[in-house]
Amino acid sequence: PTAVPPGLCGGGLSQLYANASGGSGIYTYIWTSNPPGFWSSLADPQVYPMTTTIYTVEVSDGYNVVMGSVTVTVFDLPTAHAGEDQSIPYGTYTTLNGAATGGSGSYSFEWTPQNLLVNPFVNNPTTVNLTSTTMFQLTVTDNQTGCISATDYVLVTITGGPLGVTVTAYPESI
């Protein structure tokens, strides 16, 4: 038996193939899994494992029975950490504090909205000068496996308002 792909991100699809040959040419199939929970009588079933799983197929041609196994490896997903919410004065900038854990340890970062950041593809980007409260979203990709994290958010709250001045003179004329 084979699996395509043999490694994937949790919840991804892998296609199993029994690849039976010889014998009478008329086959029946019984697929099972370890950890238990999967069963199929299809020759080439699809699976969506959440953990690394060994799939075993028993093939019968009506006279003989053979067994084989294939392992589908499930990669750990990275976890995104967008940092603590912040408050900054109107018209100023700040640095966001992104991080990641899990997975292989080699990550790519992507923040949105991108137009409000100097470089949205680093873990600790600097914002442009902000004039309104903004929710920033961080998504992390594991560079070795391609697995993408669930997103995390950080809120940057703007305090105060634009600087203003009102000029008056007393008396108005002299």
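Treat the numbers as computed from the prediction; the structure is a model and nothing was measured. Only heavy atoms go into these numbers, but all of them, side chains included; no hydrogens, no water, no symmetry mates.
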For [X], enumerate each residue passing the side-chain hydrogen bond (donor to acceptor under 3.5 Å, both in side chains) test, keeping only those at least two apart in sequence or located in another chain.
| X | value |
| --- | --- |
| Q46 | Q15 |
| T95 | none |
| T101 | H81 |
| S104 | D142 |

From [atom1] ([X]) to [atom2] ([Y]), nearest 0.5 Å:
| X | Y | atom1 | atom2 | result |
| --- | --- | --- | --- | --- |
| L42 | I30 | CG | CD1 | 12.0 Å |
| D44 | T2 | CG | OG1 | 8.0 Å |
| E58 | Y29 | CD | OH | 13.0 Å |

Side chain of [X], backbone of [Y]: donor and acceptor closer than 3.5 Å?
| X | Y | result |
| --- | --- | --- |
| N97 | G83 | no |
| S14 | P5 | yes |
| T127 | T94 | yes |
| T141 | T139 | no |

Contact summary for [X] and [Y], nearest pair of heavy atoms:
| X | Y | answer |
| --- | --- | --- |
| P49 | V72 | CG-CG1, 3.9 Å |
| T133 | L155 | CG2-CD1, 3.6 Å |
| S33 | P35 | OG-O, 2.8 Å |

For residues 112-124, which side-chain N or O atoms pair as donor and acceptor with protein atoms under 3.5 Å away, sequence neighbours left out?
unit_1: Q114; atom_1: NE2; unit_2: E110; atom_2: OE2; d: 2.9
unit_1: N119; atom_1: OD1; unit_2: F121; atom_2: N; d: 3.0
unit_1: N124; atom_1: OD1; unit_2: G98; atom_2: N; d: 3.1

Mind checking ring-ring contact (aromatic ring centres under 6.0 Å, His included) for Y55 and listing every partner two or more places apart, or none if nothing turns up? F38
Can you get from V74 to I148 by hopping between Ile, Leu, Val, Met, Phe, Trp and Tyr side chains that sit under 4.5 Å apart? no
